[in-house]
Amino acid sequence: MAVVRLATWNVNSVKARLPRLLEWLEQSAPDVLCLQETKLATDAFPAEEVKALGYDTAHHGEGRWNGVALLSRVGLDDVRRGFAGDPGWGGEPGGEEPLFEEPKLEARAVSAVCGGVRVWSVYVPNGRAPESAHYGYKLNWLEALRVAVSQDLATGEPVAVCGDFNVAPADSDVFDPAAFIGSTHVTKPERDAVAALVAAGLSDIVPKPMKGPNPFTYWDYRAGMFHQDKGMRIDLALVSAAVAGAVKGAYIDREARKGKGPSDHAPVVIDFDI
DNA sequence: ATGGCGCGAGAATCGCGA
């Protein structure tokens with residue numbers, strides 16, 4: 001029941017991606033797959049379709065936006081949707097949309113024990129612009145995640161926090177640092193927030209690109225960015241020491257970014273030597 | 001400097017993504 005292959009993939013709508021998702025599951029055969037941006041209500045996940053391939057599902061959805069899931073064929077125990085301390089999204093003061101009466105919890109984290117590992121699938125808030133309230137939400141959310149994950153780490157159980165962090169940890173994780181000046185995803189506070197997660201006891205497993213020198217996991221749909229390899233590494237797998245010590249290899253499945261109807265993210269796949 | 005693509009909701013554009 002051990003996790004031999006762990007993967008994470010922002011699919012940008014499970015509904016729109018279902019044929020490719022099922023095909024990818026069959027071809028890549030992960031033991032555990034973390035999904036982000038399912039864009040489905042919790043009960044609307046196609047659990048029967050993935051069950052036919054041997055996977056149990058834990059989905060935390062909200063409908064139109066966000067949504068995270070865990071698919072596992074090595075057990076799926078003690079499922080937790082969301083986490084204590086999640087600050088929620090309070091809206092943009094002075095923005096066009098009205099402020100919410102109270103912060104609204106969004107479906108951005110689900111965790112469960114799979115094959116002896118506490119696995120998290122997370123979708124970190126985008127941040128939109130450094131001067132926006134959404135950026136503050138992003139930083140607060142990441143800090144709350146650090147606190148919650150630290151509690152898992154304190155139990156001594158193996159932990160893997162995987163997902164779309166919407167942060168490129170280093171300049172080498174973007175195609176051109178100059179192109180991102182003034183943008184989110186690369187600011188020092190965002191990078192510090194990810195570094196704090198690492199400092200809590202996690203290792204950032206940098207996957208190998210299947211082509212070219214850049215370990216990018218996301219490429220904008222527009223302007224041929226993928227074909228020019230103008231991307232970013234924002235999908236991360238942060239794992240505790242015992243998990244990191246068992247890593248045999250990791251790669252980015254850029255083939256899944258090709259062809260008709262891809263997500264704008266590619267899956268990150270990590271293999272373990274158990 | 002801007003938009004460039006794609007998705008969902010819902011019926012025309014819009015909010016959002018990074």
Side-chain angles (χ1 to χ4, degrees), chain A residues 8-21 35-46 59 61-69 88-100 104 106-108 122-139 141-142 163-191 193-194 214-236 252 256-266 268:
Chain A
T8 183
W9 190 13
N10 179 326
V11 287
N12 185 17
S13 170
V14 163
K15 185 180 176 186
R17 216 68 58 211
L18 188 57
R20 291 188 68 131
L21 171 61
L35 295 174
Q36 299 86 38
E37 287 207 80
T38 61
K39 297 185 176 178
L40 292 171
T42 296
D43 295 339
F45 194 94
H59 181 224
E62 64 178 76
R64 185 172 185 180
W65 308 115
N66 310 314
V68 285
W89 169 229
E92 197 78 50
E96 294 184 4
E97 65 188 55
L99 285 171
F100 303 118
K104 182 166 62 87
E106 300 181 310
R108 294 183 176 276
V122 301
Y123 177 48
V124 176
N126 173 287
R128 297 183 187 168
E131 60 277 11
S132 72
H134 208 259
Y135 179 81
Y137 169 45
K138 179 180 195 174
L139 296 179
W141 196 94
L142 279 166
D164 179 354
F165 281 75
N166 274 318
V167 178
D171 279 353
S172 56
D173 295 318
V174 297
F175 69 88
D176 178 10
F180 289 87
I181 292 172
S183 299
T184 57
H185 296 61
V186 299
T187 68
K188 187 167 192 307
E190 291 167 279
R191 287 175 168 172
V194 171
N214 304 308
F216 300 151
T217 64
Y218 160 85
W219 302 260
D220 197 297
Y221 284 121
R222 294 168 285 188
M225 298 289 270
F226 176 66
H227 303 288
Q228 300 170 67
D229 199 26
K230 292 183 176 178
M232 311 173 77
R233 184 175 76 94
I234 55 176
D235 299 276
L236 308 179
I252 301 150
R257 181 63 178 78
K258 295 181 178 178
K260 182 176 168 56
S263 170
D264 44 1
H265 296 249
V268 172

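In the text below, chain A, chain B and the rest are named by the order of the sequence lines, each starting its count at 1.
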Listed nucleotide nearest any side-chain atom of N166(A), set dC16(B), dA9(B), dA18(B): dA18(B)

Nearest-nucleotide comparison on DNA chain B, the residue closer to the 5′ end among H185(A) and R222(A): R222(A)

R64(A) CZ to dG6(B) C1', straight-line distance once rounded to whole Å: 13 Å

Nucleotide nearest N12(A) (side chain, heavy atoms from C-beta), chosen from dG15(B), dC7(B), dG17(B): dC7(B)

Selection from dC14(B), dA18(B), dG17(B) that lies nearest to any side-chain heavy atom of I234(A): dA18(B)

Residue met sooner reading DNA chain B from 5', once V124(A) and G261(A) are mapped to nucleotides: G261(A)

Pairwise P distance, dC14(B) and dA1(B) [rounded to whole Å]: 25 Å

Spacing of K230(A) atom NZ relative to dC5(B) atom P, expressed in whole Å: 15 Å

Residue among T217(A), N214(A), D173(A) satisfying side-chain hydrogen bond (donor to acceptor under 3.5 Å, both in side chains) with R233(A): D173(A)

Listed nucleotide nearest any side-chain atom of R108(A), set dA18(B), dG17(B), dG8(B): dG17(B)

Check against salt bridge (Lys or Arg N to Asp or Glu O under 4.0 Å), D171(A) and R191(A): CA-CA 10 Å; D171(A) 279 353; R191(A) 287 175 168 172; 3.0 Å; yes

Rounded distance (Å) that lies between atom P of dA18(B) and atom CG of L236(A): 13 Å

Atom pair distance, as rounded to whole Å: CH2 in W219(A) and C1' in dG17(B): 17 Å

Under-4.0 Å side-chain N/O to phosphate OP1/OP2 contact, S13(A) with dG8(B): yes

Proximal nucleotide (of dC7(B), dG17(B), dG15(B)) relative to the H134(A) side chain: dG17(B)

Rounded distance in Å - CG (L18(A)) to C1' (dG8(B)): 16 Å

D164(A), nearest nucleotide to its side chain (from dA18(B), dG8(B), dC16(B)): dA18(B)

Mutual orientation of the aromatic rings belonging to W89(A) and H134(A) [parallel < 30°, tilted 30-60°, perpendicular > 60°]: perpendicular

Sugar-phosphate, base or nothing in reach of Y218(A), heavy atoms under 4.0 Å: sugar-phosphate

Rounded interatomic separation in angstrom, taking NZ from K138(A) and C1' from dC16(B): 14 Å

Proximal nucleotide (of dC16(B), dA9(B), dA18(B)) relative to the Y123(A) side chain: dA18(B)

Distance, P atom - from dC16(B) to dG10(B), rounded to whole angstrom: 15 Å

F180(A)/F175(A) aromatic ring centres below 6.0 Å: yes

Sugar-phosphate only, base, or nothing, as touched by M232(A) at under 4.0 Å among non-hydrogen atoms: sugar-phosphate

Expected output: side-chain S263(A) to main-chain N10(A) donor-acceptor under 3.5 Å: yes

Euclidean distance, atom CG of residue D264(A) to atom P of dG8(B) [Å, nearest integer]: 12 Å

Check: dA18(B) base within 3.5 Å donor-acceptor of N126(A) side chain: yes

Whole-Å P distance, dT2(B) and dA12(B): 30 Å

Residue N10(A), side-chain atoms from C-beta onward, closest of dA18(B), dG15(B), dG8(B): dA18(B)

Nucleotide of dG17(B), dG4(B), dC7(B) approaching A223(A) most closely (side-chain heavy atoms): dG4(B)

N/O (side chain, R128(A)) to phosphate O (OP1/OP2, dC16(B)) under 4.0 Å: yes

Mutual orientation of the aromatic rings belonging to W219(A) and F226(A) [parallel < 30°, tilted 30-60°, perpendicular > 60°]: perpendicular

Option among K138(A), M232(A), H185(A) that satisfies the side-chain contact (heavy atoms from CB on, under 4.5 Å) test with V167(A): K138(A)

Side chain of E37(A) (C-beta onward), nearest among dC5(B), dG8(B), dA18(B): dA18(B)

E131(A) CD to dA18(B) C1', straight-line distance once rounded to whole Å: 14 Å

